[in-house]
Visitor: 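Below you will find the structure I want to go over with you.
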Amino acid sequence: MVSSCLAASPNLLLPRQISFPAPNSDPSLPTKPTISSPSHLQQLHALLIKSGSPISSLPFSHIAATCALSSPAAFSYARRLFQRSADSPEIFLWNSHLNTLSSSSSPNDALRLFARLLSSDLLPDTFSCSFALKACSQLPDAILAGKAVHALIFKLGFDPDVFLNNTVVHMYSSHGAVSDARLMFDKMSSRDAVSYNIMIARLTKEGEMELAREMFDLMPERSVRSWTSLIAGYVQWKNPREAVRLFLQMETAGMKPNEVTAVAILSACADLGALDLGKRVHDYARRFQFMKNVRVCNTLVDMYIKCGCVETARKVFDEMSERTVVSWSAMIGGHAIHGQGEDALELFEDMRNAGIRPNPITFVGLLHACSHMGLLEEGRRFFKLMSTDYSIEPEIEHYGCMVDLLSRAGLLDEALGFIRRMPIKPNGVVWGALLGGARVHKRIDVGQEALRQLIHLDPLNDGYFVVLSNIYADAGRFEDAARVRRLMRDKGVKKTPGRSTIAVDGALHEFVAGESDHPRIEEIYKKWDELLVELRGRGYAPDTSVVLLDMEEREKETVLYRHSEKLAVVFGLIGTPPGTTIRIMKNLRVCDDCHSALKLISVVAKREIVVRDRNRFHCFREGLCSCRDYW
DNA sequence: CTAGGGTTAG
């Protein structure tokens, strides 16, 4: 036995009230090949010797891994084996088991082994402690155990070790103890890039982007991971523009993006509809063999979907070597928002045949597909199927989809009954779906009820007031329409202006309804006037009922002609080569008048026009829209 | 033998 003057003491170094799980005290521990008596081990050991096997540390560690957590007798036998291994110090073997266990499915075992190490006559070294901390980081309730290890590290005098200190910072960070992590970070005698990266990652998760940025700017040397963490943070907190800016800076700084960077930046491209950059990242991913990474492909598929290129998305999807539930759900949802309900449903069959289990998000996609295409019975079937066949209980999103499905199909009373019977409290999305259906089917009564609820649930959302006001105006009840607008004004709710963006020659151009500060606005107006003549010739009549302002008919028309999506499309016509697809993004839903106009423009100008609005995609081509006017 | 970043809906 190794003797040491500290031999009896390590347990005393631990704060009294903190205890590690006692060996074998956890009955819920998964049964693993435990060795109940030393004799089994001895047989195994004898076999090794007889077969002339060189007693390397490999069989030793296997023996020890199985018996170290078994009966006390087996444990002490294992220890005797440890001590006889001549070529490496005993602590090395402990550590290698700790390593295995800390990254296993039950990191608790690592803590149990660590506790045994502490009650032995050996002292843990920096490696042992780092494995114990890793285990603590992975266990949801192990922050106290982590603090105990931290105390031990301090008392054993390991505190100048940067590597170990980083593990401590990460342990606190992984439990969301930001201030403890920060305290440790500040106290450390020296810090490296990893120390900063851990803090940046935590701060971005907390949404503290300014602090994260400060750390990033402060750190002496930034690694690919530093850049990637910050970029991913901006993406997560819906600042994709900043993410892209940082990504371009990163390239300038000569850093090489890796798979994780690609995922983050593709996600930003999806948000922005930045197809050009997305394509560039796709090329890059191909060049550096990123395409075998499922997550890269999933995000790429999503990027193409959100940039209006379903076909390309589907091509990437079809060529993937491996597909997870995320891949299938993304593609199903993609077909759905592009109005390809049948493809979505077919893909679900393929998914089942591939043996992939759908999750709640898969069903959001399927229900979306049904509501966008008016597939009433299929929608009802999926809604039932999710709980009966897959025991997935519908969440608020699923209820929202069902209300959308029913009310757009004209079953407004059923939709209302459905809402009243919902086991969870309906939210703004649910009532908003009902309101949308009420507009389509001109049901003033239902619209009024929906708005009554929405005023409480989502009081600052101007869209609802606008819709109800539209319903009134459409029915010729202009007084009521005006009353809703007054109500809106009294409540201090401002109408969100419509904004449409289009990328031309790599630059993003934004048009705001009614505004005229684009450098080529005169050209745009002129082109529109020419176009208008042709449109009228093909039966276009401005539908001024969508204009809620109090003004003369003539003025209303002008307002209508300055809708952001029209301006953007016209700019697309003069700013891009003939025959190329025009891609627009809009912050609100496309209005009825623009919808009819865009259909005609696709014929007159012989262009495909893809519009991503708040809800879905509209692809205008040869006078028709992919939504089949059901939206 | 030890540490850090990522995907689908709303």
Side-chain angles (χ1 to χ4, degrees), chain A residues 57 61 88-89 91-100 102-103 124-135 137 158 161-171 173-174 181 192-202 204-205 212 223-233 235-236 257-268 270 290 293-303 305-306 313 317 323-334 336-337 358-368 395-401 427-430 432-433 614-615:
Chain A
S57 62
S61 42
S88 45
I91 193 66
F92 176 89
L93 287 165
W94 282 88
N95 290 347
S96 102
H97 310 322
L98 283 170
N99 184 14
T100 313
S102 68
S103 40
D125 66 3
T126 54
F127 292 92
S128 332
C129 293
S130 101
F131 294 128
L133 283 168
K134 184 177 178 191
S137 298
F158 296 157
D161 189 314
V162 198
F163 213 113
L164 194 51
N165 286 339
N166 285 343
T167 323
V168 173
V169 176
H170 178 245
M171 185 275 298
S173 148
S174 70
D192 62 8
V194 176
S195 328
Y196 282 90
N197 290 350
I198 296 167
M199 288 307 298
I200 290 171
R202 188 71 241 167
T204 60
K205 282 202 181 66
S223 66
V224 172
R225 282 168 114 111
S226 325
W227 288 90
T228 304
S229 292
L230 199 60
I231 290 172
V235 174
Q236 194 195 334
N258 61 20
E259 281 102 325
V260 184
T261 325
V263 166
I265 202 65
L266 284 168
S267 182
F290 290 176
N293 182 313
V294 215
R295 276 138 94 128
V296 169
C297 292
N298 290 345
T299 325
L300 205 46
V301 166
D302 184 53
M303 183 278 292
I305 289 167
K306 300 233 173 87
F317 176 86
R323 294 179 200 96
T324 63
V325 62
V326 175
S327 332
W328 291 96
S329 305
M331 198 62 236
I332 288 172
I337 52 169
N359 67 12
I361 300 174
T362 320
F363 282 101
V364 172
L366 286 167
L367 293 173
H368 249 140
E395 294 161 33
I396 194 76
E397 287 80 9
H398 303 103
Y399 286 100
C401 288
N427 63 8
V429 176
V430 172
R614 203 180 178 71
N615 269 304

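Quick note on labels: first sequence line is chain A, next is B, and so on, each numbered from 1.
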Visitor: Return the nearest nucleotide to the side chain of A:S229; candidates are B:dA9, B:dT7, B:dG5.
Guide: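 It is B:dG5.
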
Visitor: Counting side-chain heavy atoms from CB outward, which of B:dT7, B:dT2, B:dG10 is closest to A:F131?
Guide: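 It is B:dT2.
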
Visitor: Which of these nucleotides, B:dG5, B:dT2, B:dC1, is closest to any side-chain atom of A:A201?
Guide: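 In terms of side-chain proximity for A:A201, the closest of B:dG5, B:dT2, B:dC1 is B:dG5.
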
Visitor: Among B:dG6, B:dA3, B:dT8, which nucleotide sits nearest the side chain of A:S329?
Guide: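 Output: B:dT8.
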
Visitor: Out of B:dG10, B:dT7, B:dA3, which nucleotide sits closest to the side chain of A:E397?
Guide: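 Nearest to the side chain of A:E397 among the choices is B:dG10.
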
Visitor: Please pick, from B:dG6, B:dG5, B:dA3, the nucleotide with the shortest atom-to-atom distance to any side-chain atom of A:E259.
Guide: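 The nucleotide sitting nearest to the side chain is B:dG6.
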
Visitor: Which nucleotide wins on minimum distance to the side chain of A:V326, given the candidates B:dT7, B:dG10, B:dG6?
Guide: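 Minimum distance to the A:V326 side chain belongs to B:dT7.
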
Visitor: A:L300 CG to B:dT8 C1': how many Å, rounded?
Guide: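 So the CG-C1' distance, A:L300 to B:dT8, works out to 14 Å.
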
Visitor: What nucleic acid atoms does A:V194 come within less than 4.0 Å of, heavy atoms only: base, sugar-phosphate, or nothing?
Guide: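 The residue A:V194 makes base contact.
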
Visitor: Would you check if A:L133 and A:L164 make a side-chain contact, meaning some heavy-atom pair closer than 4.5 Å?
Guide: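 Sidechains of A:L164 and A:L133: in contact.
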
Visitor: Looking at A:K134, does any N or O in its side chain come under 4.0 Å of the phosphate oxygens OP1/OP2 on B:dT2?
Guide: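 A:K134 to B:dT2 OP1/OP2: no side-chain N or O under 4.0 Å.
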
Visitor: Is A:K306 close enough to B:dA9 that one of its side-chain N or O atoms is under 4.0 Å from OP1 or OP2 there?
Guide: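 Result: yes.
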
Visitor: Choose from B:dG10, B:dT8, B:dG5 the nucleotide whose nearest atom is closest to any side-chain atom of A:A330.
Guide: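 Of B:dG10, B:dT8, B:dG5, B:dT8 is nearest to the side chain of A:A330.
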
Visitor: Quick check for you: among B:dT2, B:dG6, B:dA9, whose closest atom lies nearest to any side-chain atom of A:H368?
Guide: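 Nearest to the side-chain atoms of A:H368, counting from C-beta on, is B:dA9.
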
Visitor: Could you work out, with side-chain hydrogen bond (donor to acceptor under 3.5 Å, both in side chains) as the rule, every residue matching A:S329, not counting sequence neighbours?
Guide: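 Expected list: A:T362.
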
Visitor: Nearest to the side chain of A:S267, heavy atoms from C-beta on, is which of B:dT8, B:dG6, B:dG10?
Guide: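 Nearest to the side-chain atoms of A:S267, counting from C-beta on, is B:dT8.
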
Visitor: Partners of A:T204 by side-chain hydrogen bond (donor to acceptor under 3.5 Å, both in side chains), sequence neighbours excluded?
Guide: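 Here no residue qualifies.
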
Visitor: Which is true for A:N427 with a 4.0 Å heavy-atom rule: it touches a base, it touches only sugar-phosphate, or it touches nothing?
Guide: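 Nothing: the residue A:N427, judged by heavy atoms under 4.0 Å, touches no strand.
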
